[in-house]
Amino acid sequence: MPELPEVETVVRTLEHQLGNVTIKDCHVLWDNIIAYPTPQTFCAQIKGKTIQHYERYGKYLLFDLGSMMWIAHMRMEGKFYIQKSDEPYDKHVHVLFDLQDGRQLRYHDTRKFGKMYLYEKRKDIHQYPCFQNIGLDAFDERLTPTYLYHALHKRKIVLKAALLDQSVIAGIGNIYADEICFALGMHPETKIYHLRKKDFERLLQETRRILQGAIRYGGTTIRSYTSSLGVDGRFQLKLKVHAKKGEKCPVCQGEIKKITVATRGTCYCPTCQRKR
DNA sequence: GGGGTGCCCTGAAAGC
DNA sequence: TGCTTTCAGGGCACCC
Ligand SMILES: [Zn+2]
């Protein structure tokens with residue numbers, strides 16, 4: 001599933017492959033992908049726009065169109081492909097963008113969970129309605145241990161729920177949340193109010209180290225999240241606990257267990273990750 | 001605020 | 001073998 005490192009990989013690949021291309025036309029084949037405005041208005045407004053810049057915030061892709069901002073969230077299985085307009089597309093392609101140069105940008109999504117938005121351009125990213133409840137991106141320089149301490153130290157939620165909460169840190173999903181808990185040597189169900197200031201420093205450090213490492217490896221390619229745009233992540237080779245139920249912990253050789261935390265499948269090592 | 005459930009969806013996996 | 005049921009999961013609405 002596309003989390004921060006996968007989205008970063010996709011956005012840089014799109015930037016490289018498309019550059020400042022102009023969108024000639026747009027076709028929506030599944031209306032619910034377009035969250036705002038209506039599919040008709042979305043198409044009418046995006047037509048003729050040129051992509052000026054490519055950005056990412058949290059798990060969102062942002063296409064700067066000059067006067068407007070096109071924002072996409074790939075949720076579970078969204079993927080982008082660039083193909084010739086006359087090439088056939090399969091049943092999971094839901095939005096088509098005809099480009100000025102004859103190529104076509106295709107949005108593919110098996111589960112149809114992804115969303116796209118098109119807004120008048122704003123100065124601050126948090127002014128877009130879809131970012132109303134989004135906190136600071138994991139690499140936003142305003143994200144500090146102090147911010148985390150204030151945002152979390154009195155909350156009654158568990159560590160993994162805190163990591164997954166996009167209104168605190170934006171960009172962490174199920175895979176990296178498991179890896180971060182393991183790197184911290186903390187049980188995913190550790191109450192967040194047990195963490196001290198020092199712990200929030202480590203939490204931020206480890207979060208950034210792991211996400212940065214994953215970006216370097218082109219993200220993680222497992223299960224549903226197969227390659228997009230010829231992007232084949234290799235970070236799955238570096239995973240220590242996620243999706244490794246029944247395997248040996250790389251540190252203590254103990255067996256990795258799977259439980260449910262915050263309604264998500266969660267893998268951890270009971271020996272290395274003790275509750276406080 | 002916080003935990004729980006259901007919804008959006010499909011295909012893989014499990015159950016029979 | 002083959003048909004049926006269950007389940008996963010990011011984000012959100014809604015419940016208590
Ligand atoms: Zn261990």
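Throughout, protein chains are lettered first and strands after them, A, B, ... in sequence-line order, and every chain is numbered starting at 1.
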Worksheet item: Would K160(A) and D178(A) pass as an ion pair if we require N to O under 4.0 Å?
Response: yes
Worksheet item: side-chain hydrogen bond (donor to acceptor under 3.5 Å, both in side chains): which pairs involve residues 88-102 of chain A, sequence neighbours left out?
Response: H27(A)-D98(A), D90(A)-H108(A), D98(A)-Q104(A), D101(A)-R103(A)
Worksheet item: For E77(A) and dG11(C), what is the distance between atoms CD and C1' respectively, to the nearest whole Å?
Response: 15 Å
Worksheet item: Atom NZ of K245(A) to atom C1' of dA13(B): distance rounded to whole Å?
Response: 13 Å
Item to complete: Walk me through it: do Y176(A) and E6(A) pass the test side-chain hydrogen bond (donor to acceptor under 3.5 Å, both in side chains)?
Response: CA-CA 11 Å; Y176(A) 299 107; E6(A) 292 74 36; 2.6 Å; yes
Discussion item. Under the criterion of centre distance below 5.5 Å and interplanar angle below 30°, is F113(A) classified as stacked on the base of dG10(C)?
Written reply: yes
Item to complete: Give the ring-plane orientation class for Y60(A) versus Y117(A), where under 30° counts as parallel, over 60° as perpendicular and anything between as tilted.
Response: tilted
Item to complete: Just call it for R264(A): base, sugar-phosphate, or nothing, with non-hydrogen atoms closer than 4.0 Å on any strand.
Response: base
Practice prompt. Would you kindly give the CG-to-C1' distance between D109(A) and dC8(B), to the nearest whole Å?
Written response: 11 Å
Worksheet item: Taking only N and O in the side chain of K115(A), is any of them less than 4.0 Å away from OP1 or OP2 of dG11(C)?
Response: no
Worksheet item: Does the side chain of K91(A) get closer than 4.0 angstrom to OP1 or OP2 of dT10(B) through an N or O atom?
Response: no
Item to complete: Would you kindly give the CZ-to-P distance between R111(A) and dG11(C), to the nearest whole Å?
Response: 16 Å
Discussion item. Quick check on dG11(C): is either OP1 or OP2 less than 4.0 Å from any side-chain nitrogen or oxygen of H73(A)?
Written reply: yes
Discussion item. Any base atoms under 4.0 Å from N133(A), or only sugar-phosphate, or nothing? Heavy atoms, all strands.
Written reply: nothing
Worksheet item: Any side-chain N or O of Q166(A) less than 4.0 Å from the OP1 or OP2 oxygen of dG11(C)?
Response: yes
Discussion item. Any side-chain N or O of R75(A) below 4.0 angstrom from OP1/OP2 of dG9(C)?
Written reply: no
Discussion item. Just N and O in the side chain of N174(A): are any of them under 4.0 Å from OP1 or OP2 of dG9(C)?
Written reply: yes
Worksheet item: Would you say dC9(B) has OP1 or OP2 under 4.0 Å from some side-chain N or O of W30(A)?
Response: yes
Discussion item. Here's a test of your reading of the structure: between Y60(A) and G265(A), which maps to the more 5' nucleotide of DNA chain C?
Written reply: G265(A)
Might you list the N or O atoms of the protein lying below 3.5 Å from N or O atoms in nucleotides 3-5 of chain B, with each pair's distance?
residue	atom	partner	partner atom	Å
dG3(B)	OP1	K156(A)	O	3.3

Discussion item. In whole Å, I'd like the distance from the OH atom of Y176(A) to the C1' atom of dG9(C).
Written reply: 16 Å
Item to complete: Please name the residue in the list R276(A), R274(A), E206(A), H194(A) that meets the side chain to side chain contact (heavy atoms under 4.5 Å, CB included) test with M186(A).
Response: R276(A)
Worksheet item: Of R264(A), K275(A), K257(A), which is the lone residue that meets salt bridge (Lys or Arg N to Asp or Glu O under 4.0 Å) with E189(A)?
Response: K275(A)
Worksheet, complete the sentence: Separation of dG11(B) atom C1' from K79(A) atom NZ, nearest Å, is 12 Å
Worksheet entry | N-O pairing of R56(A) and D137(A) below 4.0 Å | yes
Worksheet item: How long is the line joining CD1 of I33(A) and P of dG11(C), in whole Å?
Response: 15 Å
Discussion item. Regarding E201(A) and K197(A), does a basic nitrogen lie under 4.0 Å from an acidic carboxylate oxygen?
Written reply: no
Response to the item:
Y193(A) OH to dG2(B) C1', in whole Å, measures 12 Å
Worksheet, complete the sentence: Quick note, M76(A) side chain, CB onward, closest among dT10(B), dG10(C), dC8(B) is dG10(C)
Worksheet entry | H94(A) side-chain N/O to dC9(B) phosphate OP1/OP2 under 4.0 Å | no
